[in-house]
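Worksheet: the structure to be examined is printed underneath.
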Amino acid sequence: MFGRKKDEEAPIVEEIEAPPSGKGRPTPRRKVAEAANKRPLVPTDRGAARRAEREKMNAARARMNEAMITGKEEDLPAQHRGPVRRYVRDYIDARFSLGELFLPLSGAIVVILLISTFNASWAAIGVTAILALYAIVAIALVDALIAAFRVRRQLREKFGEDRAKRTMMYTVMRAFQLRRTRMPKPQVKRGEYPR
């Protein structure tokens, strides 16, 4: 009454073989897996490990020192790496900064101050030398800040707003160093401003 007719045949369903799954090898026992991952916390030959580590550090330091001279980007320390920092260095190295005069002039002023402490007739010269030192610092700082603002404006145009941030101190510090003592070494001549 409610069943199906007996003369109907059930449809034939073809079985499709599933592709083999799994990694194709048995899972190793926990003991075997842990033994394969074990490494000693302290090497068996501490002296050899120390020598190897020292050699590795010396090689990295030598590559970094070479990069500070040649300007090779990938071996520079992180504080000097990147196109933004290179642009700042090239811009400051291409111009003459008054901050470069600060160190030699301050050395001369210190000598004058030493003479004025032992010689009473040089006292007025000593006071003038101190005032001159303050004036040199103020003028050099203004010059370095003007250069920093110019560099920042050019960095915004070239690299965008986000990349131009946090370059002010780097620019000012580089402007106060003598050109011959700057590290990384200058890669451009004076007047060759970066584009």
Side-chain angles (χ1 to χ4, degrees), residues 23 28 30-108 110 136-137 140-195:
K23 57 187 174 270
R30 180 180 205 148
K31 191 178 200 179
V32 174
E34 286 177 353
N37 288 333
K38 276 190 181 176
R39 288 177 210 92
L41 292 177
V42 179
T44 54
D45 188 4
R46 290 184 184 183
R50 238 185 327 233
R51 280 190 296 275
E53 184 67 25
R54 196 177 309 124
E55 287 173 5
K56 191 167 91 173
M57 293 297 288
N58 287 342
R61 195 174 300 115
R63 281 194 316 272
M64 186 177 63
N65 289 339
E66 182 68 26
M68 293 292 268
I69 294 169
T70 62
K72 188 177 175 188
E73 192 72 28
E74 55 270 3
D75 290 329
L76 282 174
Q79 68 196 28
H80 299 295
R81 205 176 297 153
V84 173
R85 295 295 172 114
R86 177 174 288 280
Y87 189 89
V88 170
R89 285 194 308 268
D90 289 348
Y91 185 88
I92 294 299
D93 293 341
R95 71 188 292 272
F96 174 76
S97 300
L98 293 175
E100 295 178 50
L101 298 176
F102 171 71
L103 194 60
L105 290 176
S106 62
V110 166
I136 290 168
V137 169
L141 188 61
V142 168
D143 178 57
L145 288 173
I146 289 170
F149 284 117
R150 284 183 183 162
V151 168
R152 182 181 275 182
R153 186 179 65 230
Q154 291 178 359
L155 287 173
R156 280 190 197 125
E157 292 171 4
K158 185 171 175 117
F159 297 106
E161 181 67 34
D162 292 342
R163 305 280 305 272
K165 291 180 181 176
R166 297 165 58 180
T167 57
M168 178 83 66
M169 197 64 180
Y170 188 74
T171 307
V172 170
M173 293 304 290
R174 186 131 180 124
F176 267 86
Q177 295 171 348
L178 289 170
R179 183 177 167 87
R180 294 182 62 160
T181 61
R182 291 177 184 163
M183 291 302 257
K185 291 280 187 192
Q187 302 296 315
V188 296
K189 294 178 182 173
R190 289 207 195 267
E192 292 181 0
Y193 289 94
R195 298 191 186 268

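Since this is a predicted model, take the numbers as computed values, not measurements. Sequential numbering from 1 along the given sequence is applied to the chain's residues. Note: hydrogens, waters and symmetry copies are ignored here, and every other heavy atom, side chains too, is used.
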Please check: side-chain N/O of K158 versus main-chain N/O of R195, any donor-acceptor pairing under 3.5 Å? yes
Could you give the distance from CD (Q154) to OG1 (T167), rounded to the nearest 0.5 Å? 11.5 Å
Report yes if some heavy atom in the side chain of E66 is under 4.5 Å from a heavy atom in the side chain of K72; otherwise report no. no
Distance (rounded to the nearest 0.5 Å) between M183 CE and N65 CG: 7.0 Å
Here the gap from K185 atom NZ to T70 atom OG1, rounded to the nearest 0.5 Å, amounts to 12.0 Å
Please work out which of the three classes, parallel, tilted or perpendicular, describes the rings of Y170 and H80, given edges at 30° and 60°. tilted
Drop me the distance from L141's CG to F102's CZ, to the nearest 0.5 angstrom. 10.5 Å
Counting distance only, does the side-chain N/O of R152 pair as donor-acceptor with the main-chain N or O of K165 below 3.5 Å? no
My understanding is that only residues two or more places apart in sequence, or in another chain, count here; which of them pass salt bridge (Lys or Arg N to Asp or Glu O under 4.0 Å) with R190? E100
Is the shortest side-chain heavy-atom distance between L103 and F176 below 4.5 Å? no
A side-chain contact here means heavy atoms from C-beta on lying under 4.5 Å apart; do R174 and P184 qualify? yes
To the nearest 0.5 Å, how far apart are CZ in R85 and CZ in R89? 9.0 Å
Checking Q177 side chain against A175 main chain: does a donor-acceptor pair fall under 3.5 Å? no
